[in-house]
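Sequence lines set the chain letters: A, B, ... in the order given, protein chains first and strands last, and positions in each chain run from 1.
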There are 2 protein chains.
Amino acid sequence: MSRRNTDVSDQFSEHACALAEVVDRVSGKWAIGVLVAAAAGPIRFTELERTVEGISRRMLTLTLRNLERDGLLIRTVYPTVPPKVEYELTDVARELHESLAGLTAWAERHRTTIAEARRAYDAKTAG
Amino acid sequence: MSRRNTDVSDQFSEHACALAEVVDRVSGKWAIGVLVAAAAGPIRFTELERTVEGISRRMLTLTLRNLERDGLLIRTVYPTVPPKVEYELTDVARELHESLAGLTAWAERHRTTIAEARRAYDAKTAG
DNA sequence: CTGCATCCCTATGGATACTG
DNA sequence: CAGTATCCATAGGGATGCAG
């Protein structure tokens, strides 16, 4: 057993903090959806609204603003009529998207395991 | 430019969905903190309360229950007096913790970049 | 088409007193 | 020590009408 009260604290400050930041950035129900939808190339507001299923106009706007603010999305306005706005991932966001691949793999590997764990837990809790 | 309306939809269903699941599981302010704190080995309730700074007793309990429910934490009760309960990561959770490394790296690489982007955005918005 | 403003409801989370 | 129960504040998010 390792001496946890001392050496863990350091790891904690470093790891957990940085991790919490990135998760915060990608949390909320919609950020990921938008990120993935935009990963394939520039995409318009309405296209996003259709692609990210279930998102409301308001939440789409808010999510886009936040991602733009963090430098993950580039917003390009074409002053045409009717107006046209395209959103595109920045390089930083692309890196993020790639880093997320590991997580996706994990999720797919253990999806059923987790569902099963949940079922078991709920059954045990209810009974 | 690729045909987005057709081929993106598939990627979307697969990627975004799995990703959203895992992020949901790790979202909330505390799950990550607890996960990281428990990564170094079995840890007791009170130790967690001290290690995960700022967490309330209530939220610690809720977070622990959720992680246990998803099969990410093992809860072991030692029927001693005073009571002693230890929480330990499951193998699945360890895998998750490792997958998270890529994200941590990303966060640390771009932490300042993002902070800067934010500053710039806010300045532009305010002005 | 893009997106802001408003209203309103619910989930999340903090504080804290109490129990086995 | 390890929780549970309760109360309360706030933030997240849905619906929708209005505007450039």
Side-chain angles (χ1 to χ4, degrees), chain A residues 4-5 16 20-21 23-35 37-38 42-70 73-88 121 124-126, chain B residues 4-5 16 20-21 23-35 37-38 42-70 73-88 121-122 124-127:
Chain A
R4 97 163 13 269
N5 281 334
E21 275 178 34
V23 167
D24 261 30
R25 198 151 288 115
V26 175
S27 85
K29 273 156 93 172
W30 307 114
I32 291 221
V34 171
L35 229 49
I43 184 170
R44 300 182 57 173
F45 188 89
T46 316
E47 288 180 302
L48 280 168
E49 204 173 0
R50 279 193 303 267
T51 307
V52 183
E53 274 173 81
I55 196 169
S56 66
R57 190 161 299 172
R58 180 182 121 91
M59 286 319 295
L60 178 54
T61 303
L62 286 181
T63 303
L64 288 170
R65 288 299 163 280
N66 282 330
L67 292 175
E68 189 194 354
R69 185 165 105 102
D70 286 344
L73 276 185
I74 298 169
R75 178 171 178 268
T76 312
V77 181
Y78 298 93
T80 59
V81 66
K84 171 178 171 181
V85 180
E86 278 188 344
Y87 294 90
E88 184 177 14
Y121 183 93
K124 201 169 54 183
T125 297
Chain B
R4 103 166 1 274
N5 280 335
E21 277 180 31
V23 167
D24 260 31
R25 198 151 285 117
V26 174
S27 85
K29 274 155 92 171
W30 306 114
I32 292 220
V34 170
L35 229 50
I43 185 170
R44 300 182 57 173
F45 188 90
T46 317
E47 288 180 302
L48 280 168
E49 204 173 0
R50 281 193 302 265
T51 307
V52 183
E53 273 174 80
I55 197 170
S56 67
R57 189 160 301 170
R58 182 182 118 91
M59 288 317 295
L60 179 55
T61 302
L62 287 181
T63 304
L64 289 171
R65 290 296 166 281
N66 283 330
L67 292 175
E68 190 194 354
R69 186 165 105 103
D70 286 343
L73 276 185
I74 298 168
R75 179 170 177 267
T76 311
V77 183
Y78 299 92
T80 59
V81 65
K84 173 179 171 180
V85 179
E86 278 190 344
Y87 294 89
E88 184 176 14
Y121 183 94
D122 291 348
K124 203 170 51 183
T125 297

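Rounded to a whole Å, the CD atom of B/Glu86 is 13 Å from the C1' atom of D/dA2. The nearest whole Å value for the distance from the CG atom in A/Asn66 to the C1' atom in C/dG3 is 15 Å. As a whole-Å value, the separation of B/Asp24 CG from C/dT12 P is 10 Å. As rounded to whole Å, 10 Å separates atom P of D/dA2 from atom CZ of B/Arg75. Remark: P of C/dT16 and CG of B/Leu60 are 17 Å apart, rounded to the nearest angstrom. When rounded to the nearest whole Å, the span between CD1 of B/Ile43 and C1' of D/dA2 equals 14 Å.
With sequence neighbours excluded, no residue forms a side chain to side chain donor-acceptor pair (under 3.5 Å) with A/Arg58. Under the side chain to side chain contact (heavy atoms under 4.5 Å, CB included) criterion, A/Val81 pairs with no residue at all, not counting sequence neighbours. Partners of B/Glu88 by side chain to side chain contact (heavy atoms under 4.5 Å, CB included), not counting sequence neighbours, listed by chain and number: B/Pro42, B/Arg94. For B/Arg65, the side chain to side chain contact (heavy atoms under 4.5 Å, CB included) partners are A/Tyr121, B/Thr61, B/Glu68, B/Arg75, B/Tyr87, not counting sequence neighbours. Here B/Asp70 pairs with A/Ile114, A/Arg118, B/Arg25, B/Leu72 under the side chain to side chain contact (heavy atoms under 4.5 Å, CB included) rule; sequence neighbours left out.
Note on B/Tyr87: a side-chain N or O is less than 4.0 Å away from OP1 or OP2 of D/dG3.
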(request) Encode nucleotides 4-20 of chain D as B, S and - characters from 5' to 3', where the letter depends on protein heavy atoms closer than 4.0 Å: B to the base, S only to sugar-phosphate, - to neither. (result) B-B------BBB----B
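Nearest heavy-atom pair across B/Thr63 and B/Ala31 is CG2-CA, 3.6 Å.
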